[in-house]
There are 2 protein chains.
Amino acid sequence: MKERETTEAVRGRMADRGIRFTGGRQAIIRALQITSGPQSAAELHRRLRGLVPLSSLYRSLAVMSEAGILAMHHSNGLARYELAEWLAGHHHHLVCLQCGSVDDFELAPRQEKELFALVAKVGGHHRYEVSNHALEVQGLCRSCR
Amino acid sequence: MKERETTEAVRGRMADRGIRFTGGRQAIIRALQITSGPQSAAELHRRLRGLVPLSSLYRSLAVMSEAGILAMHHSNGLARYELAEWLAGHHHHLVCLQCGSVDDFELAPRQEKELFALVAKVGGHHRYEVSNHALEVQGLCRSCR
DNA sequence: TGCGAATCGATAATGATTCTCATTATATGC
DNA sequence: GCATATAATGAGAATCATTATCGATTCGCA
């Protein structure tokens with residue numbers, strides 16, 4: 001999905017839910033579009049040059065997560081946000097154990113399909129109602145190795 | 001690995017590194033042996049009935065993680081600890097999106113091997129020095145569904 | 001234009017985790 | 001067994017990320 005398209009998709013969903021798509025929130029979505037991997041509140045605050053104060057930033061991240069527009073993950077003791085999968089596509093993460101940075105990657109359809117089947121089997125075996133899965137590759141990133 | 005064996009393996013590794021295996025630390029290891037899935041500091045504190053005060057508990061968890069005896073994960077905004085893989089065996093997690101509980105599961109050797117190969121390929125592609133991987137199954141647990 | 005709800009932004013409060021420091025326990029060599 | 005150096009303990013303060021509060025402001029819409 002290209003940038004304009006994503007913005008409009010977000011705008012639509014916000015409107016449906018009676019949530020305002022304010023300047024600050026558009027800036028957050030834009031910042032998440034041009035970066036790879038989930039971003040922490042502090043990273044976004046820095047990236048946005050303080051345009052959105054931390055308190056508003058946290059609130060907007062919560063509101064947009066609640067609305068299913070963002071997905072929240074936890075790593076290195078802090079919360080990181082990225083566009084939800086219906087906007088960004090299903091993908092997985094490489095996390096650097098040294099610096100904590102996170103990169104995205106996608107599996108080939110065939111491999112993703114196999115993984116999905118595997119996960120469904122495991123979930124059934126444990127009486128879980130499975131809604132998603134995440135494969136995390138851990139190691140040292142290009143600049144830390 | 002059975003309980004006694006694990007305790008002795010931990011004692012050995014601690015001794016090698018000049019780290020003391022005190023009563024409190026033995027209690028932590030015991031508590032992690034008899035529970036399934038990683039435990040947060042608060043859960044361990046409760047489980048140990050306050051035998052080990054929170055400040056000591058956090059310090060011991062950090063020391064034993066540093067020594068490669070425990071593995072730390074983050075979920076729901078808090079850190080959870082479990083025995084490292086050389087003690088507990090390589091495994092993955094089922095996490096409940098409702099209550100936050102975490103269960104362990106193992107893949108069949110054949111599937112684990114395939115996953116390992118897949119992860120190695122992805123890592124190489126991104127110039128990562130891969131050290132491990134984790135598959136997380138997300139959904140509703142038996143009691144939350 | 002004006003009303004009401006949603007949002008903003010500064011600040012205080014919270015919760016998890018880490019740090020500090022005086023005291024205590026532990027291992028090791030004698 | 002005992003002294004001694006060193007690591008660990010425990011209580012409390014401090015820190016960091018995050019959430020709540022609240023009056024002021026802005027937006028969408030009649």
Side-chain angles (χ1 to χ4, degrees), chain A residues 7 10-29 31 38-67 69-82 99-102, chain B residues 7-8 10-31 38-67 69-82 100 102:
Chain A
T7 302
V10 171
R11 186 190 306 284
R13 181 132 177 176
M14 302 279 274
D16 287 350
R17 306 209 171 198
I19 297 171
R20 292 188 195 154
F21 195 34
T22 62
R25 291 174 182 178
Q26 292 176 39
I28 293 170
I29 296 297
Q39 308 287 310
S40 69
E43 285 162 350
L44 284 169
H45 187 248
R46 194 165 43 70
R47 203 159 240 119
L48 295 173
R49 299 251 166 65
L51 172 70
V52 179
L54 265 182
S55 63
S56 301
L57 183 49
Y58 273 110
R59 198 158 3 87
S60 289
L61 290 172
V63 166
M64 292 193 287
S65 297
E66 186 61 34
I69 289 160
L70 302 182
M72 183 180 60
H73 307 279
H74 283 281
S75 66
N76 278 82
L78 42 99
R80 292 169 191 274
Y81 298 82
E82 64 182 346
C99 69
S101 67
V102 183
Chain B
T7 303
E8 290 314 308
V10 171
R11 186 190 305 285
R13 180 133 179 175
M14 302 277 276
D16 288 351
R17 306 209 170 199
I19 297 170
R20 294 183 191 160
F21 195 34
T22 62
R25 291 174 182 179
Q26 292 176 40
I28 293 170
I29 296 297
R30 236 177 294 122
Q39 308 288 310
S40 70
E43 285 162 349
L44 284 169
H45 187 249
R46 193 165 43 69
R47 204 159 238 118
L48 295 173
R49 300 251 168 63
L51 172 70
V52 179
L54 264 181
S55 62
S56 302
L57 183 48
Y58 273 110
R59 198 155 5 86
S60 290
L61 290 172
V63 165
M64 293 194 285
S65 297
E66 186 61 34
I69 288 160
L70 302 182
M72 182 178 63
H73 307 279
H74 282 280
S75 66
N76 278 86
L78 43 100
R80 291 169 192 273
Y81 298 82
E82 62 182 346
V102 183

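For clarity, every value in this text was computed on a predicted model and none was experimentally measured. Every chain is numbered from 1 and lettered A, B, ... according to where its sequence line falls, protein lines coming before strand lines.
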### Query
Contact boundaries of DNA chain D with chain A (under 4.0 Å, heavy atoms), 5' to 3'?
D/dA17 to D/dC27

### Task
Return the set of residues passing side-chain contact (heavy atoms from CB on, under 4.5 Å) with A/Val52 (not counting sequence neighbours), or none when no residue passes.
A/Leu48, A/Ser56, A/Leu57

### Task
Please work out which residues in residues 13-27 of chain B have a non-hydrogen atom less than 4.0 Å from an atom of DNA chain D and list them by number.
B/Ile19, B/Arg20, B/Thr22, B/Arg25

### Angle of first-five versus last-five pair axes in the helix from C/dT1-D/dA30 to C/dC30-D/dG1, to 10 degrees
30°

### Message
Considering only residues two or more places apart or on different chains, which pairs with a residue in residues 44-57 of chain A satisfy salt bridge (charged side-chain N to carboxylate O under 4.0 Å, His left out)?
### Response
none

### Task
Please name all residues satisfying ring pair (Phe, Tyr, Trp, His ring centres under 6.0 Å) with A/His45, sequence neighbours left out, ordered by chain then number.
none

### Task
Only pairs at least two apart or in different chains count here, so list each side-chain hydrogen bond (donor to acceptor under 3.5 Å, both in side chains) that has a residue in residues 10-24 of chain B.
B/Glu8-B/Arg11

## Note on the structure
Residues in residues 72-81 of chain B with a heavy atom under 4.0 Å of DNA chain C, by number, are B/Leu78, B/Ala79

### Query
Listed by chain and number, what are the salt bridge (Lys or Arg N to Asp or Glu O under 4.0 Å) partners of A/Glu82, not counting sequence neighbours?
none

## Note on the structure
Residues at least two apart in sequence or cross-chain that pass salt bridge (Lys or Arg N to Asp or Glu O under 4.0 Å) with A/Arg80, listed by chain then number, are A/Glu43

Are there any protein N/O atoms within less than 3.5 Å of an N/O atom in nucleotides 28-30 of chain C, and if so, which ones and at what distance?
none

### Message
Among residues 42-55 of chain A, which ones have heavy-atom contacts with DNA chain C below 4.0 Å?
### Response
A/Pro53, A/Ser55

